[in-house]
Amino acid sequence: MAKVIGAVEINHERCKGCDLCVVACPTDVLSLQPKEVNNRGYHYAYTANPEKCIGCASCALVCPDACIEVYRVVEK
Amino acid sequence: MKPEDIKRSENKVYCKPELLNDTPMHYCPGCSHGVVHKLVSEVIKEMGAEHIAIGVAPVGCAVFAYSYIDIDWIEAAHGRAPAVATGAKRLNPSRLVFTYQGDGDLAAIGTAETIHAANRGENIAIIFINNAIYGMTGGQMAPTTLEGQVTATTPYGRRVDLNGYPLKISNLLAQLPGTCYVTRQAVHTPASVRKAKAAIRKAFENSLAGHGTSVVEIVSTCNSGWKMSPAKSNEWMVEHMFPEYPLGDLKNDTER
Ligand SMILES: Cc1ncc(C[n+]2csc(CCOP(=O)(O)OP(=O)(O)O)c2C)c(N)n1
Ligand code: SF4
Ligand code: SF4
Ligand code: SF4
Ligand SMILES: [Mg+2]
């Protein structure tokens, strides 16, 4: 059966750590950095579980700061 | 497959809209304004209208919209965006002209301009960000503030005996013969973001087709003014804003 796999690229410096992408992701890919901050002091989002990504773009659609690029492939 | 192999341009399904430039937006983390800025940028690009679009920016948190979306903009005085848009559209009838306004701008100080532009049936689109508060100035009560809602100027909650009722201005606008399309949307979930985008597209097409005034209200959050996290604000919006401001089309009359 064809399997959809995805990957996201997050612009860490644009991210404001709002957490909306983390809440929107259906497969728990994303998390906010617990300690690390970006240049503007935000605990930015990162892919804690990248292998779980299905490329659905839910995170990117709700991100107010357009930080997330989404890629998707169908593996036969 | 490794993430590096997936992240190839041919597999890209979503990225920052082209018309949204690299200037970091000044909005608070999680603010709905950012999501709507993305949608406006995407729709204009998809319509191929980047050279004919004129946005009219408000006073309110979106005052710097012109810094982020690379199209022509005019900055209006507080509440006057529909009057400015009227002039822009009448002088340039082939342009796509839209305003982008908050609820304080559109439904308080600008009520007259909003209602009269819509009543004249100006061929403009109005993007209306209703977060039930004056975000920019520190979270004061707006006409749209809910009954019981705590704001800086209603510390014990809005009282209708003192402050009147939440103003459903989109419902008023839908009554006017000059409006062709009035809809209420939100941007808190992926599905709602897609629907809001389609609504903005329809409103912009109406401006170009000369069908009359279109209004896209986006029921939004102002997590700073509401003093909640962005995720909690979305929950609060669903629970408290949606019953007062239900989503859906109030008018869709573009076949005139
Ligand atoms: C003539 C005038 N009166 C008052 C103000 C102060 N003021 C600035 S923004 C604003 C309200 C903004 O609220 P809203 O339109 O809802 O936008 P938001 O920030 O919530 O997006 C007010 C009253 C002003 N700038 N000019
Ligand atoms: S694309 Fe979908 S699965 Fe992947 S991180 Fe975003 S929300 Fe999660
Ligand atoms: S939604 Fe965007 S800004 Fe918010 S945490 Fe996620 S990537 Fe950062
Ligand atoms: S004050 Fe409210 S409306 Fe203004 S940027 Fe912050 S969250 Fe957004
Ligand atoms: Mg407001």
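The structure displayed is predicted, hence computed values, not measured ones. To find a chain, count down the sequence lines: A is the first, B the second, and so on, and within it residues start at 1.
V35(B) approaches L61(A) most closely through the heavy-atom pair CG1-O, 3.9 Å. Between P64(A) and C31(B) the shortest heavy-atom distance is CB-O, 3.4 Å. Of all the heavy atoms in R194(B) and C56(A), the pair that sits closest is NH2-O, 4.1 Å.
Listed by sequence position, R14(A), K16(A), C18(A), L20(A), V23(A) are the residues of residues 12-32 of chain A in contact with chain B, using a 4.5 angstrom heavy-atom cutoff.
A 6.0 Å sphere centred on CZ of F64(B) holds no more than 12 heavy atoms belonging to other residues, nucleotides or ligands. Other residues, nucleotides and ligands place no more than 12 heavy atoms under 6.0 Å from the NZ atom of K195(B).
Using a 4.5 Å cut-off between heavy atoms, N234(B) touches chain A through its side chain atoms alone. H188(B) touches chain A through its backbone: at least one of N, CA, C or O sits under 4.5 Å from a heavy atom, while the side chain does not. Of the atoms belonging to T189(B), it is backbone heavy atoms, and not side-chain ones, that fall under 4.5 Å from chain A. If you measure heavy-atom distances from V13(B) to chain A, the contacts under 4.5 Å come from both the backbone and the side chain. With a 4.5 Å cut-off on non-hydrogen atoms, T23(B) touches chain A through its backbone but not through its side chain. Only the side chain of E75(A) comes within less than 4.5 Å of a heavy atom of chain B; its backbone N, CA, C and O stay farther away. For Y68(B), no part lies near chain A; criterion is any non-hydrogen pair under 4.5 Å.
The CD atom of E10(B) sits 10.0 Å away from atom OH of Y71(A), with the distance rounded to the nearest 0.5 Å. The NZ atom of K16(B) sits 8.5 Å away from atom CG of N11(A), with the distance rounded to the nearest 0.5 Å.
Taking 4.5 Å as the limit, some side-chain heavy atom of V73(A) sits within range of a side-chain heavy atom of M1(B). Using a 4.5 Å heavy-atom threshold, the side chains of I6(B) and I5(A) count as touching. Considering only heavy atoms from C-beta on, Y42(A) comes within 4.5 Å of P29(B) through its side chain.
When each of G55(A), C63(A), P50(A) is scored by its heavy-atom pairs under 4.5 Å with chain B, the top score falls to C63(A).
If you run side-chain contact (heavy atoms from CB on, under 4.5 Å) between D65(A) and each of H37(B), M25(B), K38(B), only M25(B) comes through.
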